[in-house]
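Everything on this sheet refers to the single structure shown next.
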Amino acid sequence: MTIKPRTYFVRTYGCQMNERDSETIAGIFSARGMKPADSMDTADIVMVNTCTVRDKAEQKVFGLLGKLRELKEKRPDMLLGICGCMPQQQQVAKRIRSRFPFMDIIIGTHNLQQLDTYLEQVLMERKQILEVWEERQQQELYAPARRSAGLKAFVNINWGCNNFCTYCIVPFVRGREKSRSQADIIAEIEGLVNEGYREVTLLGQNVNSYGKDLPDKPDFAELLAAVNQIGGLWRIRFMTSHPRDVSARLIDAIAGLDKVCKHLHLPIQAGSDRILAEMNRGYTQEHYLLLVEQIRAKVPDIALTTDIIVGFPGETEADFAETMAVLRQVEFDSAFTFMYSPRKGTPAAGMEAQVETAVKRERLQKLIALQNEISLKRNRALIGQTVNVLFEDKTEAMFKGRTEGNKLVFAASANNLLGKQAQVTITEAKTWNLVGQVMDGND
Ligand code: 5AD
Ligand code: SF4
(Lines give C-alpha, C1' and ligand atoms only; values in the text may rest on other atoms or scores of the structure.)
(Ligands and ions follow the chains in the order given, each with its own letter.)
Protein backbone atom coordinates (compact mmCIF):
# COMPACT_ATOMS: atom_id res chain seq x y z
CA MET A 1 0.00 0.00 0.00
CA THR A 2 1.16 3.48 -0.82
CA ILE A 3 1.64 5.98 2.02
CA LYS A 4 -1.56 7.89 2.72
CA PRO A 5 -1.33 11.45 1.41
CA ARG A 6 -1.74 14.13 4.05
CA THR A 7 -1.47 17.26 1.94
CA TYR A 8 -2.80 18.27 -1.46
CA PHE A 9 -2.27 20.93 -4.08
CA VAL A 10 -4.71 21.73 -6.89
CA ARG A 11 -3.58 23.60 -10.00
CA THR A 12 -6.47 25.02 -11.98
CA TYR A 13 -6.59 26.14 -15.61
CA GLY A 14 -9.55 27.66 -17.40
CA CYS A 15 -12.90 29.13 -16.52
CA GLN A 16 -14.95 29.65 -13.36
CA MET A 17 -16.53 26.25 -13.91
CA ASN A 18 -13.12 24.71 -13.40
CA GLU A 19 -12.39 26.91 -10.42
CA ARG A 20 -15.61 25.65 -8.90
CA ASP A 21 -14.67 22.03 -9.71
CA SER A 22 -11.34 22.57 -7.97
CA GLU A 23 -13.25 23.54 -4.85
CA THR A 24 -14.95 20.15 -5.09
CA ILE A 25 -11.54 18.47 -5.38
CA ALA A 26 -10.38 20.37 -2.29
CA GLY A 27 -13.64 19.40 -0.54
CA ILE A 28 -13.13 15.70 -1.30
CA PHE A 29 -9.55 15.78 -0.01
CA SER A 30 -10.52 17.81 3.07
CA ALA A 31 -13.21 15.26 3.91
CA ARG A 32 -10.37 12.71 4.13
CA GLY A 33 -8.63 14.92 6.68
CA MET A 34 -6.03 16.19 4.21
CA LYS A 35 -4.70 19.74 4.38
CA PRO A 36 -3.78 22.13 1.57
CA ALA A 37 -0.02 22.27 0.86
CA ASP A 38 1.76 25.58 0.29
CA SER A 39 3.16 24.47 -3.04
CA MET A 40 3.40 21.58 -5.45
CA ASP A 41 6.93 20.90 -4.25
CA THR A 42 5.75 19.71 -0.86
CA ALA A 43 2.29 18.29 -1.62
CA ASP A 44 1.65 14.57 -1.19
CA ILE A 45 -0.85 14.71 -4.04
CA VAL A 46 -1.08 17.21 -6.90
CA MET A 47 -4.23 17.43 -9.00
CA VAL A 48 -4.14 19.29 -12.30
CA ASN A 49 -7.58 20.53 -13.37
CA THR A 50 -7.33 21.23 -17.08
CA CYS A 51 -8.85 23.40 -19.81
CA THR A 52 -9.05 22.55 -23.49
CA VAL A 53 -10.95 25.52 -24.90
CA ARG A 54 -7.86 26.84 -26.70
CA ASP A 55 -4.54 25.25 -27.61
CA LYS A 56 -2.59 27.64 -25.37
CA ALA A 57 -4.26 26.23 -22.26
CA GLU A 58 -3.32 22.69 -23.32
CA GLN A 59 0.29 23.62 -23.96
CA LYS A 60 0.55 25.05 -20.44
CA VAL A 61 -0.74 21.79 -19.01
CA PHE A 62 1.76 19.72 -20.99
CA GLY A 63 4.52 22.02 -19.72
CA LEU A 64 3.38 21.46 -16.14
CA LEU A 65 3.23 17.69 -16.60
CA GLY A 66 6.89 17.83 -17.65
CA LYS A 67 7.73 19.57 -14.38
CA LEU A 68 5.68 17.07 -12.40
CA ARG A 69 7.73 14.28 -13.97
CA GLU A 70 10.85 15.78 -12.34
CA LEU A 71 9.05 16.16 -9.01
CA LYS A 72 7.93 12.56 -9.02
CA GLU A 73 11.44 11.37 -9.85
CA LYS A 74 12.62 13.11 -6.70
CA ARG A 75 9.67 11.99 -4.59
CA PRO A 76 8.35 8.70 -5.99
CA ASP A 77 5.82 8.42 -3.16
CA MET A 78 3.88 11.47 -4.23
CA LEU A 79 0.66 11.02 -6.18
CA LEU A 80 -0.35 12.87 -9.34
CA GLY A 81 -3.76 13.30 -10.89
CA ILE A 82 -5.17 15.06 -13.92
CA CYS A 83 -8.83 15.84 -14.51
CA GLY A 84 -11.10 18.25 -16.35
CA CYS A 85 -11.68 19.02 -19.99
CA MET A 86 -8.43 17.66 -21.48
CA PRO A 87 -8.74 14.05 -20.34
CA GLN A 88 -12.49 14.14 -20.98
CA GLN A 89 -11.47 13.61 -24.61
CA GLN A 90 -10.64 9.90 -24.78
CA GLN A 91 -7.81 10.35 -27.25
CA VAL A 92 -6.20 13.03 -25.07
CA ALA A 93 -6.57 10.86 -21.95
CA LYS A 94 -4.77 8.05 -23.74
CA ARG A 95 -2.08 10.39 -25.01
CA ILE A 96 -1.51 11.64 -21.46
CA ARG A 97 -1.19 8.05 -20.26
CA SER A 98 1.40 7.15 -22.87
CA ARG A 99 3.45 10.36 -22.63
CA PHE A 100 3.15 10.68 -18.85
CA PRO A 101 2.80 7.10 -17.60
CA PHE A 102 3.65 8.18 -14.05
CA MET A 103 0.27 9.91 -13.64
CA ASP A 104 -1.72 8.00 -11.02
CA ILE A 105 -5.19 9.33 -11.77
CA ILE A 106 -6.49 10.39 -15.19
CA ILE A 107 -10.20 11.21 -15.14
CA GLY A 108 -12.76 13.20 -17.12
CA THR A 109 -15.08 16.00 -16.05
CA HIS A 110 -17.99 13.66 -15.32
CA ASN A 111 -15.91 11.44 -13.01
CA LEU A 112 -14.90 14.15 -10.56
CA GLN A 113 -17.48 13.24 -7.92
CA GLN A 114 -15.84 9.80 -7.68
CA LEU A 115 -12.38 11.15 -6.95
CA ASP A 116 -12.34 9.79 -3.41
CA THR A 117 -13.05 6.26 -4.67
CA TYR A 118 -10.30 6.53 -7.28
CA LEU A 119 -7.80 7.76 -4.70
CA GLU A 120 -8.74 4.85 -2.45
CA GLN A 121 -8.13 2.42 -5.32
CA VAL A 122 -4.75 3.95 -6.06
CA LEU A 123 -3.77 3.68 -2.39
CA MET A 124 -5.02 0.12 -1.94
CA GLU A 125 -4.09 -1.42 -5.26
CA ARG A 126 -1.25 0.83 -6.41
CA LYS A 127 -2.78 0.92 -9.86
CA GLN A 128 -3.17 3.69 -12.37
CA ILE A 129 -6.73 4.93 -12.87
CA LEU A 130 -7.98 6.03 -16.27
CA GLU A 131 -11.73 6.64 -16.25
CA VAL A 132 -13.67 8.84 -18.61
CA TRP A 133 -17.44 8.71 -18.47
CA GLU A 134 -19.44 10.11 -21.34
CA GLU A 135 -22.15 11.76 -19.25
CA ARG A 136 -22.60 13.19 -15.81
CA GLN A 137 -24.06 10.51 -13.54
CA GLN A 138 -25.93 10.60 -10.26
CA GLN A 139 -27.05 14.17 -10.57
CA GLU A 140 -27.90 14.57 -6.91
CA LEU A 141 -24.60 13.21 -5.72
CA TYR A 142 -22.84 16.46 -5.14
CA ALA A 143 -19.61 16.34 -3.18
CA PRO A 144 -19.03 19.16 -0.70
CA ALA A 145 -16.80 22.00 -1.74
CA ARG A 146 -13.95 23.50 0.17
CA ARG A 147 -14.16 27.13 -0.83
CA SER A 148 -11.55 29.67 0.02
CA ALA A 149 -12.73 31.87 2.85
CA GLY A 150 -14.17 35.13 1.66
CA LEU A 151 -17.27 36.94 0.61
CA LYS A 152 -17.80 35.48 -2.83
CA ALA A 153 -18.78 31.98 -3.88
CA PHE A 154 -19.48 30.18 -7.15
CA VAL A 155 -22.63 28.09 -7.32
CA ASN A 156 -23.40 25.69 -10.18
CA ILE A 157 -26.90 25.97 -11.57
CA ASN A 158 -26.57 24.00 -14.78
CA TRP A 159 -23.86 22.02 -16.46
CA GLY A 160 -23.07 21.36 -20.10
CA CYS A 161 -24.13 23.00 -23.31
CA ASN A 162 -26.45 22.04 -26.17
CA ASN A 163 -25.45 24.83 -28.52
CA PHE A 164 -22.60 23.36 -30.51
CA CYS A 165 -21.06 26.58 -31.73
CA THR A 166 -18.85 25.25 -34.50
CA TYR A 167 -15.55 26.40 -32.90
CA CYS A 168 -16.28 25.14 -29.41
CA ILE A 169 -15.16 21.98 -27.67
CA VAL A 170 -17.29 22.59 -24.55
CA PRO A 171 -20.36 20.53 -25.58
CA PHE A 172 -18.00 17.59 -26.17
CA VAL A 173 -16.24 17.79 -22.81
CA ARG A 174 -19.02 19.05 -20.57
CA GLY A 175 -21.90 17.08 -22.05
CA ARG A 176 -25.54 18.03 -22.57
CA GLU A 177 -27.33 20.65 -20.50
CA LYS A 178 -28.41 19.47 -17.08
CA SER A 179 -29.98 21.75 -14.49
CA ARG A 180 -29.76 21.41 -10.75
CA SER A 181 -33.05 21.59 -8.87
CA GLN A 182 -34.02 25.01 -7.59
CA ALA A 183 -34.35 23.59 -4.06
CA ASP A 184 -30.74 22.31 -4.13
CA ILE A 185 -29.42 25.65 -5.37
CA ILE A 186 -31.34 27.67 -2.77
CA ALA A 187 -30.26 25.33 0.03
CA GLU A 188 -26.61 25.65 -1.00
CA ILE A 189 -26.79 29.45 -1.12
CA GLU A 190 -28.55 29.64 2.24
CA GLY A 191 -25.75 27.52 3.68
CA LEU A 192 -23.15 29.83 2.12
CA VAL A 193 -24.83 32.91 3.59
CA ASN A 194 -24.76 31.25 7.02
CA GLU A 195 -21.03 30.76 6.59
CA GLY A 196 -20.61 34.47 5.86
CA TYR A 197 -20.57 34.62 2.06
CA ARG A 198 -22.34 37.70 0.71
CA GLU A 199 -22.09 37.38 -3.07
CA VAL A 200 -22.83 34.40 -5.28
CA THR A 201 -22.06 33.87 -8.94
CA LEU A 202 -24.50 31.44 -10.50
CA LEU A 203 -22.57 29.35 -12.99
CA GLY A 204 -23.62 27.63 -16.16
CA GLN A 205 -22.32 27.43 -19.72
CA ASN A 206 -25.65 28.90 -20.71
CA VAL A 207 -27.55 30.10 -17.64
CA ASN A 208 -30.48 31.30 -19.75
CA SER A 209 -31.47 27.74 -20.59
CA TYR A 210 -31.66 26.90 -16.89
CA GLY A 211 -34.63 24.68 -16.02
CA LYS A 212 -35.62 23.55 -19.52
CA ASP A 213 -34.79 19.96 -18.55
CA LEU A 214 -36.49 20.07 -15.13
CA PRO A 215 -40.00 18.67 -14.51
CA ASP A 216 -41.83 21.94 -13.81
CA LYS A 217 -39.57 23.95 -16.16
CA PRO A 218 -38.66 26.89 -13.93
CA ASP A 219 -36.82 29.53 -15.95
CA PHE A 220 -33.69 31.45 -15.06
CA ALA A 221 -35.60 34.65 -14.23
CA GLU A 222 -37.66 32.67 -11.72
CA LEU A 223 -34.51 31.24 -10.15
CA LEU A 224 -33.05 34.75 -9.85
CA ALA A 225 -36.22 35.91 -8.10
CA ALA A 226 -35.99 33.01 -5.64
CA VAL A 227 -32.29 33.66 -4.90
CA ASN A 228 -33.04 37.36 -4.49
CA GLN A 229 -35.25 36.49 -1.52
CA ILE A 230 -32.45 34.90 0.49
CA GLY A 231 -31.89 37.06 3.57
CA GLY A 232 -28.31 38.05 4.31
CA LEU A 233 -27.23 37.72 0.68
CA TRP A 234 -26.11 41.01 -0.84
CA ARG A 235 -25.21 40.37 -4.44
CA ILE A 236 -26.07 37.96 -7.23
CA ARG A 237 -23.98 37.55 -10.37
CA PHE A 238 -24.34 35.00 -13.15
CA MET A 239 -22.53 33.78 -16.21
CA THR A 240 -22.62 33.00 -19.10
CA SER A 241 -25.61 34.26 -21.08
CA HIS A 242 -26.20 33.34 -24.70
CA PRO A 243 -27.59 36.29 -26.72
CA ARG A 244 -30.11 34.05 -28.45
CA ASP A 245 -31.66 33.06 -25.11
CA VAL A 246 -31.85 36.41 -23.33
CA SER A 247 -35.54 36.90 -22.60
CA ALA A 248 -37.55 39.99 -21.71
CA ARG A 249 -38.13 38.27 -18.37
CA LEU A 250 -34.39 38.16 -17.74
CA ILE A 251 -33.99 41.84 -18.57
CA ASP A 252 -36.86 42.62 -16.18
CA ALA A 253 -35.22 40.50 -13.50
CA ILE A 254 -31.92 42.40 -13.82
CA ALA A 255 -33.81 45.67 -13.72
CA GLY A 256 -36.16 44.78 -10.89
CA LEU A 257 -34.34 42.50 -8.45
CA ASP A 258 -32.29 44.55 -6.01
CA LYS A 259 -29.54 41.99 -5.38
CA VAL A 260 -28.88 41.18 -9.02
CA CYS A 261 -25.77 43.12 -10.07
CA LYS A 262 -26.27 45.47 -12.97
CA HIS A 263 -23.85 43.58 -15.15
CA LEU A 264 -24.37 41.31 -18.12
CA HIS A 265 -21.69 39.22 -19.75
CA LEU A 266 -23.01 38.64 -23.23
CA PRO A 267 -20.53 37.02 -25.62
CA ILE A 268 -20.98 38.35 -29.16
CA GLN A 269 -18.01 36.40 -30.64
CA ALA A 270 -18.08 38.23 -34.00
CA GLY A 271 -19.73 41.17 -35.74
CA SER A 272 -20.26 39.77 -39.22
CA ASP A 273 -23.54 37.95 -39.89
CA ARG A 274 -21.83 35.52 -42.23
CA ILE A 275 -19.30 34.55 -39.57
CA LEU A 276 -21.99 34.38 -36.87
CA ALA A 277 -23.92 31.95 -39.09
CA GLU A 278 -20.78 29.88 -39.73
CA MET A 279 -20.24 29.82 -35.99
CA ASN A 280 -23.82 28.56 -35.51
CA ARG A 281 -24.53 31.31 -32.99
CA GLY A 282 -28.21 31.63 -33.87
CA TYR A 283 -28.39 35.44 -33.98
CA THR A 284 -27.41 38.30 -36.23
CA GLN A 285 -25.57 41.54 -35.48
CA GLU A 286 -28.92 43.35 -35.71
CA HIS A 287 -30.51 41.04 -33.14
CA TYR A 288 -27.58 41.55 -30.78
CA LEU A 289 -27.68 45.34 -31.12
CA LEU A 290 -31.43 45.35 -30.52
CA LEU A 291 -30.90 43.32 -27.37
CA VAL A 292 -28.31 45.82 -26.14
CA GLU A 293 -30.77 48.63 -26.85
CA GLN A 294 -33.54 46.88 -24.92
CA ILE A 295 -31.26 46.16 -21.97
CA ARG A 296 -29.92 49.70 -21.80
CA ALA A 297 -33.43 51.12 -22.06
CA LYS A 298 -34.42 49.24 -18.89
CA VAL A 299 -31.08 49.28 -17.04
CA PRO A 300 -29.25 52.40 -18.26
CA ASP A 301 -26.22 52.02 -16.00
CA ILE A 302 -25.64 48.33 -16.78
CA ALA A 303 -22.07 47.16 -17.37
CA LEU A 304 -21.84 45.09 -20.54
CA THR A 305 -18.95 42.73 -21.16
CA THR A 306 -18.34 40.27 -23.95
CA ASP A 307 -16.17 37.58 -25.54
CA ILE A 308 -14.81 37.96 -29.06
CA ILE A 309 -12.95 35.56 -31.32
CA VAL A 310 -10.78 36.86 -34.17
CA GLY A 311 -9.62 34.79 -37.12
CA PHE A 312 -12.47 32.29 -37.31
CA PRO A 313 -12.03 30.30 -40.58
CA GLY A 314 -12.93 32.44 -43.58
CA GLU A 315 -12.93 35.72 -41.64
CA THR A 316 -12.02 38.45 -44.13
CA GLU A 317 -10.81 41.98 -43.42
CA ALA A 318 -14.37 43.14 -44.11
CA ASP A 319 -15.77 40.65 -41.56
CA PHE A 320 -13.23 41.76 -39.01
CA ALA A 321 -14.11 45.42 -39.70
CA GLU A 322 -17.67 44.55 -38.67
CA THR A 323 -16.45 43.24 -35.34
CA MET A 324 -14.53 46.48 -34.80
CA ALA A 325 -17.61 48.49 -35.78
CA VAL A 326 -19.83 46.63 -33.31
CA LEU A 327 -17.28 47.24 -30.58
CA ARG A 328 -17.38 50.98 -31.32
CA GLN A 329 -21.14 51.00 -31.42
CA VAL A 330 -21.86 49.01 -28.26
CA GLU A 331 -18.94 50.33 -26.20
CA PHE A 332 -18.53 47.33 -23.94
CA ASP A 333 -17.08 47.94 -20.49
CA SER A 334 -14.57 45.21 -21.18
CA ALA A 335 -14.05 42.31 -23.53
CA PHE A 336 -12.26 38.97 -23.40
CA THR A 337 -10.59 38.64 -26.77
CA PHE A 338 -9.26 35.44 -28.29
CA MET A 339 -7.50 34.23 -31.41
CA TYR A 340 -9.45 31.38 -32.95
CA SER A 341 -7.86 28.08 -31.98
CA PRO A 342 -8.87 24.97 -33.95
CA ARG A 343 -10.19 22.24 -31.65
CA LYS A 344 -10.04 18.69 -32.91
CA GLY A 345 -13.49 17.20 -33.47
CA THR A 346 -15.28 20.54 -33.88
CA PRO A 347 -16.71 21.46 -37.32
CA ALA A 348 -14.70 24.69 -37.62
CA ALA A 349 -11.39 22.84 -37.24
CA GLY A 350 -12.11 21.09 -40.54
CA MET A 351 -13.19 24.24 -42.40
CA GLU A 352 -11.10 25.45 -45.27
CA ALA A 353 -9.68 28.96 -45.28
CA GLN A 354 -8.10 28.82 -41.84
CA VAL A 355 -6.69 32.26 -41.09
CA GLU A 356 -2.93 32.63 -40.74
CA THR A 357 -1.60 33.13 -37.22
CA ALA A 358 0.09 36.42 -38.14
CA VAL A 359 -3.21 37.81 -39.40
CA LYS A 360 -5.04 36.61 -36.29
CA ARG A 361 -2.41 38.21 -34.09
CA GLU A 362 -2.66 41.53 -35.93
CA ARG A 363 -6.44 41.56 -35.65
CA LEU A 364 -6.28 40.68 -31.98
CA GLN A 365 -3.91 43.57 -31.31
CA LYS A 366 -6.18 46.02 -33.13
CA LEU A 367 -9.17 44.74 -31.20
CA ILE A 368 -7.43 45.00 -27.85
CA ALA A 369 -6.19 48.52 -28.60
CA LEU A 370 -9.69 49.65 -29.51
CA GLN A 371 -11.29 47.95 -26.49
CA ASN A 372 -8.72 49.50 -24.14
CA GLU A 373 -9.67 52.94 -25.43
CA ILE A 374 -13.35 52.16 -24.92
CA SER A 375 -12.82 50.67 -21.44
CA LEU A 376 -10.98 53.82 -20.41
CA LYS A 377 -13.73 56.00 -21.84
CA ARG A 378 -16.43 53.99 -20.04
CA ASN A 379 -14.48 54.15 -16.78
CA ARG A 380 -13.90 57.89 -17.15
CA ALA A 381 -17.63 58.39 -17.49
CA LEU A 382 -17.94 57.12 -13.92
CA ILE A 383 -15.82 59.97 -12.50
CA GLY A 384 -17.98 61.98 -10.12
CA GLN A 385 -20.57 59.22 -9.82
CA THR A 386 -21.30 57.43 -6.57
CA VAL A 387 -21.41 53.64 -6.81
CA ASN A 388 -21.84 50.70 -4.47
CA VAL A 389 -18.60 48.81 -3.79
CA LEU A 390 -18.16 45.53 -1.93
CA PHE A 391 -14.69 45.56 -0.35
CA GLU A 392 -12.96 42.22 -0.28
CA ASP A 393 -9.24 42.85 -0.05
CA LYS A 394 -6.54 45.29 0.99
CA THR A 395 -3.20 46.27 -0.53
CA GLU A 396 -1.00 48.60 1.50
CA ALA A 397 -3.13 51.61 2.39
CA MET A 398 -5.88 50.96 -0.14
CA PHE A 399 -8.97 48.80 0.18
CA LYS A 400 -9.95 46.86 -2.93
CA GLY A 401 -13.47 46.09 -3.99
CA ARG A 402 -15.78 45.71 -6.94
CA THR A 403 -18.71 47.68 -8.27
CA GLU A 404 -21.90 45.97 -9.35
CA GLY A 405 -20.45 46.13 -12.85
CA ASN A 406 -17.49 44.09 -11.53
CA LYS A 407 -15.04 46.99 -11.90
CA LEU A 408 -12.11 47.07 -9.54
CA VAL A 409 -12.10 50.07 -7.18
CA PHE A 410 -9.34 51.23 -4.84
CA ALA A 411 -10.26 53.44 -1.91
CA ALA A 412 -8.39 54.68 1.14
CA SER A 413 -10.13 54.71 4.50
CA ALA A 414 -9.23 55.07 8.15
CA ASN A 415 -11.89 52.48 8.94
CA ASN A 416 -11.76 48.81 8.16
CA LEU A 417 -13.84 48.31 5.02
CA LEU A 418 -13.08 44.61 4.58
CA GLY A 419 -16.26 42.61 4.14
CA LYS A 420 -18.34 45.76 3.92
CA GLN A 421 -20.28 47.57 1.25
CA ALA A 422 -19.90 51.30 0.89
CA GLN A 423 -21.01 54.11 -1.36
CA VAL A 424 -17.93 55.37 -3.16
CA THR A 425 -17.53 58.46 -5.33
CA ILE A 426 -15.23 57.76 -8.24
CA THR A 427 -12.36 60.25 -8.50
CA GLU A 428 -9.97 58.62 -10.96
CA ALA A 429 -10.31 56.19 -13.86
CA LYS A 430 -7.81 53.93 -15.59
CA THR A 431 -8.32 51.24 -18.22
CA TRP A 432 -8.48 48.42 -15.69
CA ASN A 433 -9.55 50.05 -12.45
CA LEU A 434 -11.05 53.00 -10.64
CA VAL A 435 -10.06 55.02 -7.62
CA GLY A 436 -12.69 56.45 -5.31
CA GLN A 437 -13.49 58.19 -2.10
CA VAL A 438 -15.72 56.57 0.48
CA MET A 439 -18.72 58.74 1.24
CA ASP A 440 -19.10 60.08 4.78
CA GLY A 441 -21.32 58.06 7.02
CA ASN A 442 -20.62 54.88 5.09
CA ASP A 443 -17.22 53.89 6.30
N1 5AD B 1 -10.89 29.42 -30.13
C2 5AD B 1 -10.86 30.64 -29.54
N3 5AD B 1 -11.71 31.02 -28.59
C4 5AD B 1 -12.66 30.14 -28.21
N5 5AD B 1 -13.65 30.25 -27.30
C6 5AD B 1 -14.32 29.09 -27.27
N7 5AD B 1 -13.79 28.23 -28.16
C8 5AD B 1 -12.76 28.86 -28.75
C9 5AD B 1 -11.83 28.50 -29.77
N10 5AD B 1 -11.85 27.31 -30.36
C11 5AD B 1 -13.91 31.47 -26.54
C12 5AD B 1 -15.32 32.00 -26.79
C13 5AD B 1 -16.02 31.69 -25.50
C14 5AD B 1 -14.90 31.81 -24.50
C15 5AD B 1 -15.14 31.17 -23.20
O16 5AD B 1 -13.82 31.18 -25.16
O17 5AD B 1 -15.22 33.40 -26.97
O18 5AD B 1 -17.08 32.58 -25.22
FE1 SF4 C 1 -19.26 26.79 -26.41
FE2 SF4 C 1 -21.22 28.02 -27.74
FE3 SF4 C 1 -21.81 26.38 -25.67
FE4 SF4 C 1 -20.63 28.74 -25.20
S5 SF4 C 1 -22.67 28.44 -26.10
S6 SF4 C 1 -20.05 26.76 -24.31
S7 SF4 C 1 -19.30 28.97 -26.99
S8 SF4 C 1 -20.88 25.77 -27.62
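Ligands are counted one by one from 1 in listed order, and the atoms in each one are counted from 1 as well.
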*What heavy-atom pair brings Gln128 and Arg97 nearest, and what distance separates the two atoms?*
OE1-CD, 3.2 Å
*Go through the side-chain N and O atoms of Glu190 and Asn194 and say whether any donor and acceptor fall under 3.5 Å apart.*
no
*To which protein heavy atom is atom 5 (N) of ligand 1 closest, and what is the distance rounded to 0.1 Å?*
Arg54 NH1, 3.4 Å
*Run the numbers for me: atoms of ligand 1, each under 4.0 Å from some heavy atom of Gln269, listed by number.*
12 (C), 13 (C), 17 (O), 18 (O)
*List the closest protein heavy-atom neighbour of atom 1 (N) of ligand 1: residue, atom name, distance to the nearest 0.1 Å.*
Ser341 N, 2.9 Å
*Heavy-atom distance to atom 2 (C) of ligand 1: which of Met339, His242, His265, Arg343 wins?*
Met339
_In this structure, does ligand 2 have an atom that sits under 4.0 Å from one of the heavy atoms of Arg281?_
yes
*With atoms numbered from 1 as shown, which atoms in ligand 1 lie under 4.0 angstrom from a non-hydrogen atom of Val53?*
6 (C), 7 (N), 8 (C), 9 (C), 10 (N)
*Are Arg11 and Tyr13 in a cation-pi contact, defined as NZ or CZ under 6.0 Å from the six-membered ring centre and within 45° of the axis?*
yes
*What residue and heavy atom of the protein are closest to atom 14 (C) of ligand 1, and at what distance?*
Asp307 OD2, 3.5 Å
_Worked verdict on Thr357 versus Arg361 for side chain to side chain contact (heavy atoms under 4.5 Å, CB included)_ = CA-CA 6 Å; Thr357 308; Arg361 196 164 287 141; 3.6 Å; yes
_Using a 6.0 Å distance limit plus a 45 degree cone around the ring axis, check whether Lys394 lies over the aromatic ring of Phe399._
yes
*Ignoring hydrogens and angles, state whether a donor on the side chain of Arg235 or Asn388 is under 3.5 Å from an acceptor on the partner side chain.*
yes
*For atom 7 (S) of ligand 2, grab the closest protein heavy atom and report residue, atom and distance to one decimal in Å.*
Tyr167 OH, 3.3 Å
*Please tell me if the side chains of Leu264 and Ser241 come closer than 4.5 Å, counting only heavy atoms from C-beta onward.*
yes
*Between His263 and Thr305, a side-chain donor and acceptor under 3.5 Å*: yes
*Student check: side-chain heavy atoms of Ile96 and Val92 closer than 4.5 Å*: yes
*Tell me, which protein residue and heavy-atom name are nearest atom 7 (N) of ligand 1, and how many Å apart are they?*
Tyr167 CD1, 3.3 Å
*Numbering as shown, the atoms of ligand 1 that approach Ile309 to under 4.0 Å (heavy-atom distance)*: 3 (N), 4 (C), 5 (N), 12 (C), 17 (O)
*Counting no waters, what protein N/O/S atoms lie under 2.8 Å from atom 3 (Fe) of ligand 2?*
Cys161 SG
*Cationic tip of Arg54 above Phe338 ring, under 6.0 Å, 45° of axis*: yes
*Face-on cation placement of Arg95 at Phe62 ring, 6.0 Å and 45° thresholds*: no
